[in-house]
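Okay, structure first, notes after.
No hydrogens, no waters, no symmetry mates; every other heavy atom, side chains included, goes into these values. When a ligand or atom number is given, it counts from 1 through the structure's own listing order.
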Amino acid sequence: MDYLWISFLIALLISATVEASHCAANEVPIVRNISEIGQDSYGRHGLSHITIAGSVMHGFKEVEVWLQTFAPGVGTPIHRHSCEEIFVVLKGSGTLYLASNSHKNYPGSPQEFPIFANSTFHVPVNDAHQVRNTDEQEDLQFLVIISRPPVKV
Ligand SMILES: *[C@@H]1O[C@H](CO)[C@@H](O)[C@H](O)[C@H]1NC(C)=O
Ligand SMILES: *[C@@H]1O[C@H](CO)[C@@H](O)[C@H](O)[C@H]1NC(C)=O
């Protein structure tokens with residue numbers, strides 16, 4: 001587990017907790033302009049993270065939605081969590097590295113899947129995975145929909 005990624009998730013929870021004190025779910029406007037929602041890199045170079053719908057931040061109970069943008073060459077570390085996770089790629093391209101639970105005998109060789117704009121992919125619960133922008137020019141941007149928040153890594 002990458003130290004920076006743990007810091008990112010902790011920072012996310014802390015900032016979410018701070019906001020939660022003055023922002024209950026029923027106070028979230030029905031329609032919001034994504035351009036006016038704050039973004040943060042949580043100290044990770046080349047990452048832009050926007051919590052569109054947060055459990056702690058906004059009080060959503062069943063799902064959490066993030067908009068993430070990764071600069072060329074940037075990605076998440078390898079990690080896993082006990083929730084369903086669905087991605088919708090809006091821009092750019094990259095690679096999903098997925099080490100399925102059913103391939104435990106070969107932990108060193110995850111499967112590689114090319115991802116592209118207008119593609120969608122999901123990560124099975126508890127499968128180790130990494131998403132990386134493997135394009136040299138264009139940003140990779142996707143929506144992440146996560147079940148049963150807050151995320152337990
Ligand atoms: C959304 O916010 C951006 C940035 O403030 C602004 O340029 C844009 O006009 C807004 N869109 C609408 C429909 O208000
Ligand atoms: C994404 O796919 C849908 C369904 O085929 C299509 O309607 C839409 O135009 C596509 N969007 C882009 C940006 O390619």
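H81 and H129 have their aromatic ring centers within a separation under 6.0 angstrom.
In the vicinity of E36, heavy-atom distances shorter than 4.0 Å reach the ligand 1 atoms 2 (O), 5 (O).
Atom 4 (C) of ligand 2 lies below 4.0 Å from none of the non-hydrogen atoms of the protein. Distance check for atom 7 (O) of ligand 2: every protein heavy atom is found at 4.0 Å or beyond. Within a 4.0 Å radius of atom 12 (C) of ligand 1, the protein has at least one heavy atom.
Scanning the protein for heavy atoms near atom 14 (O) of ligand 2, the closest one is N118 ND2, 3.2 Å. Closest protein heavy atom to atom 2 (O) of ligand 1: N33 ND2, 2.2 Å.
Minimum heavy-atom separation, A117 to L90: CB-O, 4.0 Å. Here the closest heavy-atom approach between residue S147 and residue C83 is recorded as O-CB, 3.2 Å.
H49 and T51 share a side-chain donor-acceptor pair at under 3.5 Å.
The side-chain heavy atoms of F87 and V123, taken from C-beta on, include a pair separated by under 4.5 Å.
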